[in-house]
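Position 1 is the first residue of the sequence; numbering continues from there.
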Amino acid sequence: LAESVRRLYAAIVGQSRMPAFYARWGVPDTPTGRFEMMALHGFLILHRLKGESKAIELGQAFSEAIVSDIDRNVRELGTGDLRVGTEVRHLTQVLYGRFAEYDEGLETGAAALGEVLACNLYAKAAPTPEQNSAMVAYIRREVASLAGQPLAELSRGEVSFGPAPLEAA
């Protein structure tokens with residue numbers, strides 16, 4: 001299980017670091033922007049695992065890996081030992097809030113998902129309508145793609161993300 005989780009986590013980090021998200025699609029290339037991209041891709045994996053009774057343990061371990069990495073990153077950014085716990089708790093709450101908002105946005109429709117992205121992923125960067133709709137389309141595409149990936153592969157840590165928005169052509 002640990003190796004599978006490590007591989008899934010490495011996949012979301014790798015996908016989150018694709019330069020096109022920042023250079024072309026306007027996600028702020030800051031620690032906050034990178035956190036938001038990691039949260040988005042973590043959500044995509046957890047969304048795929050949701051409802052799979054055989055994936056409960058994998059989903060839990062994957063969530064714990066994300067929180068563990070948040071802790072490591074908070075420490076690397078120089079947060080003092082006395083504040084690490086508070087900061088990690090806050091970021092964990094933000095993370096799970098994002099998961100809920102993305103889930104609701106997917107259920108509600110493209111406009112709602114676009115609003116969630118504008119508020120969270122882009123924060124103060126104010127995406128262009130093209131950037132925002134490209135990211136909405138990307139998320140919907142990835143949800144559909146992940147739905148088609150067998151649970152057995154995901155359980156082995158094998159996940160396949162597509163290219164950044166509109167980069168496939």
Side-chain angles (χ1 to χ4, degrees), residues 8-51 59-60 62-79 83-147 159-169:
L8 286 176
Y9 191 74
I12 70 163
V13 169
Q15 187 73 4
S16 297
R17 291 183 179 166
M18 289 180 65
F21 288 121
Y22 306 96
R24 184 167 183 186
W25 300 111
V27 176
D29 192 5
T30 62
T32 300
R34 291 187 290 280
F35 169 84
E36 293 294 346
M37 286 302 298
M38 184 275 309
L40 173 63
H41 287 91
F43 161 76
L44 291 170
I45 295 292
L46 291 170
H47 182 77
R48 167 59 182 91
L49 297 176
K50 184 172 70 173
Q60 181 63 39
F62 180 71
S63 294
E64 290 170 6
I66 293 173
V67 172
S68 188
D69 193 52
I70 288 171
D71 182 279
R72 185 182 57 78
N73 282 297
V74 165
R75 291 174 191 281
E76 284 180 6
L77 289 171
T79 303
R83 291 199 21 93
V84 168
T86 302
E87 189 66 20
V88 170
R89 272 189 300 283
H90 169 72
L91 289 172
T92 301
Q93 289 174 339
V94 168
L95 177 74
Y96 287 109
R98 296 297 189 264
F99 292 167
E101 291 169 351
Y102 289 138
D103 202 39
E104 184 178 330
L106 274 175
E107 290 178 22
T108 307
L113 185 54
E115 288 176 23
V116 169
L117 289 173
C119 179
N120 296 329
L121 184 63
Y122 290 104
K124 297 175 182 135
T128 66
E130 177 190 33
Q131 290 170 328
N132 199 298
S133 25
M135 289 301 295
V136 167
Y138 169 78
I139 292 167
R140 291 175 159 284
R141 182 192 77 202
E142 292 305 310
V143 165
S145 173
L146 287 166
V159 63
S160 176
F161 289 107
L166 303 181
E167 294 293 313

If you round to the nearest 0.5 Å, how far is [atom2] of [Y] from [atom1] of [X]?
{"X": "D71", "Y": "R89", "atom1": "CG", "atom2": "CZ", "result": "10.5 Å"}
{"X": "R17", "Y": "M38", "atom1": "CZ", "atom2": "CE", "result": "10.5 Å"}
{"X": "E87", "Y": "H90", "atom1": "CD", "atom2": "NE2", "result": "6.0 Å"}
{"X": "S145", "Y": "R141", "atom1": "OG", "atom2": "CZ", "result": "7.5 Å"}
{"X": "L91", "Y": "F35", "atom1": "CG", "atom2": "CZ", "result": "5.0 Å"}
{"X": "R75", "Y": "I70", "atom1": "CZ", "atom2": "CD1", "result": "13.0 Å"}

Compare all side-chain heavy atoms of L113 with those of T108 and state whether any distance is below 4.5 angstrom.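 Heavy-atom side-chain distance check fails, nothing below 4.5 Å.
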A side-chain contact here means heavy atoms from C-beta on lying under 4.5 Å apart; do L46 and S63 qualify?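 Of all side-chain heavy-atom pairs linking S63 with L46, at least one is under 4.5 Å.
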Taking [X] for the side chain and [Y] for the main chain, is one N or O donor matched with an acceptor at less than 3.5 Å?
{"X": "R98", "Y": "A39", "value": "no"}
{"X": "S16", "Y": "I12", "value": "yes"}
{"X": "T92", "Y": "V88", "value": "yes"}
{"X": "E142", "Y": "I139", "value": "no"}
{"X": "N132", "Y": "G114", "value": "yes"}

Mutual orientation of the aromatic rings belonging to Y96 and F99 [parallel < 30°, tilted 30-60°, perpendicular > 60°]: perpendicular
So, for [X] and [Y], which heavy atoms are closest and what is the spacing to 0.1 Å?
{"X": "R34", "Y": "D29", "answer": "NH1-OD1, 2.7 Å"}
{"X": "A11", "Y": "V159", "answer": "CB-CG1, 3.2 Å"}
{"X": "M135", "Y": "W25", "answer": "SD-CB, 4.3 Å"}
{"X": "P28", "Y": "L121", "answer": "CD-O, 3.6 Å"}

Please walk me through it: do L44 and F161 pass side chain to side chain contact (heavy atoms under 4.5 Å, CB included)? CA-CA 10 Å; L44 291 170; F161 289 107; 4.2 Å; yes
Under a 3.5 Å threshold, yes or no: a donor from one side chain and an acceptor from the other, between Y9 and D69?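 Side-chain D/A pair, Y9 to D69: present.
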Using the side chain to side chain contact (heavy atoms under 4.5 Å, CB included) rule, take K50 and H47 through it: C-alpha gap first, then chi angles, then the decisive distance, then the call. CA-CA 5 Å; K50 184 172 70 173; H47 182 77; 4.0 Å; yes
Is it the case that over 12 heavy atoms from other parts of the model lie below 6.0 angstrom from the CZ atom of R83? no
Please step through side-chain hydrogen bond (donor to acceptor under 3.5 Å, both in side chains) for the pair N120 and E36, ending with a clear verdict. CA-CA 7 Å; N120 296 329; E36 293 294 346; 5.6 Å; no
Applying ring pair (Phe, Tyr, Trp, His ring centres under 6.0 Å), name anything that partners Y138, two or more places apart in sequence or on another chain.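 Testing Y138 for ring pair (Phe, Tyr, Trp, His ring centres under 6.0 Å), a comparison that skips the adjacent residues, returns F21, H41.
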